[in-house]
Visitor: 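One structure follows; several queries about it will come next.
By convention in this document, chain letters (A, B, ...) are assigned in the order of the sequence lines, proteins followed by strands, and residues within each chain are numbered from 1.
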Amino acid sequence: MAAPWRIIFMGTPQIASATLAQLLTGPDTVVGVVTQPDSSAGRGQKSFASPVRKLAETHAIPVLAAKKIRTPEFLQSLRAWQPDIIVVVAYGRILPKAVLELAPQGCVNVHYSLLPKYRGAAPAAWTIINGEAEAGVSTMKLVEKMDAGAIYLQEAISLSGEETTGSLQAQLTPVGARLLLETLRRLKAGTLSATEQDENLATLAPILKKEHGLIDWQRPATEIERRIRGFDPWPGSFTHFAGKMLKIHRATIVGTERRGSPGEIIRADAAGFWLATSSGVLSLEEVQQENKKRLAGVEFIKGARIKPGDRLE
RNA sequence: CGCGGGGUGGAGCAGUCUGGCAGCUCGCAAGGCUCAUAACCUUGAGGUCCCGGGUUCAAAUCCCGGCCCCGCAA
């Protein structure tokens with residue numbers, strides 16, 4: 001049995017802290033954690049520590065939350081921890097070459113797609129939006145080109161077609177944690193060979209922006225429904241009614257024929273809140289007007305003065 | 001002190017600006033109608049208008065304080 005490795009863990013959100021929690025149960029030693037600095041957020045602009053920071057502090061692991069990472073001081077701090085390997089999970093920053101080469105074993109990354117497909121910041125979301133039949137997790141060696149490093153291990157799961165990005169990530173998190181521990185174990189044992197990615201099969205999963213959430217009713221119902229799931233929980237999907245923003249949290253397809261014109265309400269009563277698209281009819285199951293609570297579509301109708309023929313846009 | 005919206009029978013809302021009978025869409029109960037219904041008709045029950053104070057002949061509505069919920073932004 002080889003000696004435990006000294007690991008630096010870099011990550012920020014909940015998905016990273018859940019993975020770190022698993023890593024802490026493994027045979028190796030997390031000697032330091034790097035995360036994004038606390039940020040002000042929420043009503044009142046209260047300051048929030050990242051989930052990774054909170055977890056590290058409860059385990060008394062040293063935390064580095066540098067704002068600037070391309071500095072000699074940052075590199076020096078990392079070196080002082082004398083890592084064998086650096087583990088990166090949703091850290092939120094592009095790492096400079098000097099960091100990639102800092103540890104003898106380099107950097108290993110957990111990426112939530114079946115590489116080489118869906119390289120980039122939002123792999124789970126685009127997997128759903130594009131209607132893929134399966135999703136997955138890959139561990140790979142970090143290189144300078146984004147998510148292009150050689151793959152260590154990979155595991156696929158099949159999709160039901162009802163996942164949201166949030167639920168899919170929740171499903172993939174434990175898979176990723178397990179793959180990570182397995183990757184480390186076999187790397188240390190010297191029984192793991194990395195496989196180069198086929199560049200010809202590479203696709204991109206670009207970072208999501210707020211504007212992605214504006215629903216284009218000109219798209220087919222199937223596509224809109226997938227986007228609503230893919231943008232949940234962020235940035236969310238929204239449209240407008242009576243000059244106010246209306247978030248659409250959940251929708252289902254209730255017809256494939258063309259009815260009405262895209263964006264037109266074709267039913268608004270106790271039986272349903274149905275909307276026309278360019279192809280197919282969507283039932284809005286859960287909505288939320290700005291400043292209001294989430295409501296079932298039919299509940300929203302009771303209070304909103306809304307009727308067939310009105311439009312969302 | 002980041003910006004803003006809200007709290008009204010069981011649900012969702014209007015009414016508040018401009019003080020003057022507690023209202024709408026549902027739900028619930030009873031009855032009726034129909035071959036039939038998530039349909040329709042009739043009737044009914046159900047209220048601390050978030051809490052506390054103030055102004056007023058009169059407060060859901062105006063003023064002051066408090067609690068709670070939510071949207072934006074990040």
Visitor: Can you tell me how far C1' in B:A38 sits from the matching atom in B:G27, rounded to whole Å?
Guide: 12 Å

Visitor: Using a 3.5 Å cut-off and no angle test, enumerate the donor-acceptor pairs between side-chain atoms of residues 37-51 of chain A and protein atoms at least two apart in sequence or in another chain.
Guide:
from, atom 1, to, atom 2, distance (Å)
A:D38, OD1, A:R53, NH1, 3.2
A:K46, NZ, A:R43, O, 2.8
A:S50, OG, A:T35, OG1, 2.7
A:S50, OG, A:R53, N, 3.1

Visitor: Residues in salt bridge (Lys or Arg N to Asp or Glu O under 4.0 Å) with A:R294, at least two apart?
Guide: A:E286

Visitor: For A:Q288 and A:K247, indicate whether the former's side chain and the latter's backbone hold a donor-acceptor pair under 3.5 Å.
Guide: no

Visitor: Could you tell me how far B:U16 sits from B:C63 if I compare only their C1' atoms? Round to whole Å.
Guide: 14 Å

Visitor: Could you run down nucleotides 69-74 of chain B 5' to 3' and tag each one B, S or - for protein heavy-atom contact under 4.0 Å?
Guide: SBBBBB

Visitor: Among side-chain atoms of A:S138 and A:Q154, is any donor-acceptor pair under 3.5 angstrom?
Guide: yes

Visitor: Rounding to the closest angstrom, what is the interatomic distance between B:G52 and B:G9 at atom P?
Guide: 16 Å

Visitor: Pick the C1' atom in B:U8 and in B:A22, then give their distance to the nearest Å.
Guide: 9 Å

Visitor: From NZ of A:K244 over to P of B:C13, roughly how many Å is that when rounded to an integer?
Guide: 10 Å

Visitor: For atom CD of A:E162, is the number of surrounding heavy atoms from other residues, nucleotides or ligands below 6.0 Å larger than 12?
Guide: no

Visitor: Between B:G46 and B:C64, how far apart are the two C1' atoms, rounded to whole Å?
Guide: 34 Å

Visitor: Taking protein heavy atoms under 4.0 Å as touching, what does nucleotides 34-41 of chain B look like 5' to 3' if B marks base contact, S marks sugar-phosphate-only contact and - marks none?
Guide: --------

Visitor: Does A:K307 have more than 12 heavy atoms from other residues, nucleotides or ligands lying within 6.0 Å of its NZ?
Guide: no

Visitor: Determine the Euclidean distance between corresponding C1' atoms of B:U34 and B:U42; express it in Å to zero decimal places.
Guide: 15 Å

Visitor: Should B:A11 form a Watson-Crick or G-U wobble pair with both distances under 3.5 Å, which nucleotide is its partner?
Guide: B:U25

Visitor: If you link I, L, V, M, F, W and Y whenever their side-chain heavy atoms are under 4.5 Å apart, who else ends up in the same group as A:I224?
Guide: A:I215, A:W217, A:I228, A:F241, A:L246, A:I248, A:I253, A:I265, A:F273, A:L275, A:L282, A:L284, A:V287, A:L295, A:F300, A:I301, A:I306, A:L312

Visitor: Please measure how far the P atom in B:G2 lies from the corresponding atom in B:G47, and state the result in whole Å.
Guide: 42 Å

Visitor: Give the rounded distance in Å between these two atoms: CD of A:E299 and P of B:A11.
Guide: 10 Å

Visitor: Do A:D28 and A:K188 have side chains that approach each other closer than 4.5 Å (heavy atoms only, starting at C-beta)?
Guide: yes

Visitor: Considering Watson-Crick and G-U wobble pairs with both distances under 3.5 Å, what does B:U48 pair with?
Guide: none

Visitor: Mind calculating the distance between NZ (A:K307) and C1' (B:C26) to the nearest angstrom?
Guide: 19 Å

Visitor: Taking all heavy atoms of A:L187 and all of A:Y152, pick out the closest pair and write down the distance.
Guide: CD2-CE2, 3.9 Å

Visitor: Could you state the NZ-P distance from A:K302 to B:G9, rounded to the nearest angstrom?
Guide: 14 Å

Visitor: Just name whichever nucleotide pairs with B:C72, Watson-Crick or G-U, keeping both distances under 3.5 Å, else none.
Guide: B:G2

Visitor: Output side-chain donor-acceptor pairs under 3.5 Å for residues 62-85 of chain A, partner residues at least two apart or in another chain, one line each.
Guide:
from, atom 1, to, atom 2, distance (Å)
A:T71, OG1, A:F74, N, 3.1
A:S77, OG, A:E73, O, 2.9
A:D84, OD2, A:R6, N, 2.7

Visitor: Without decimals, in angstroms, what is the distance between A:D269 CG and B:G27 P?
Guide: 11 Å

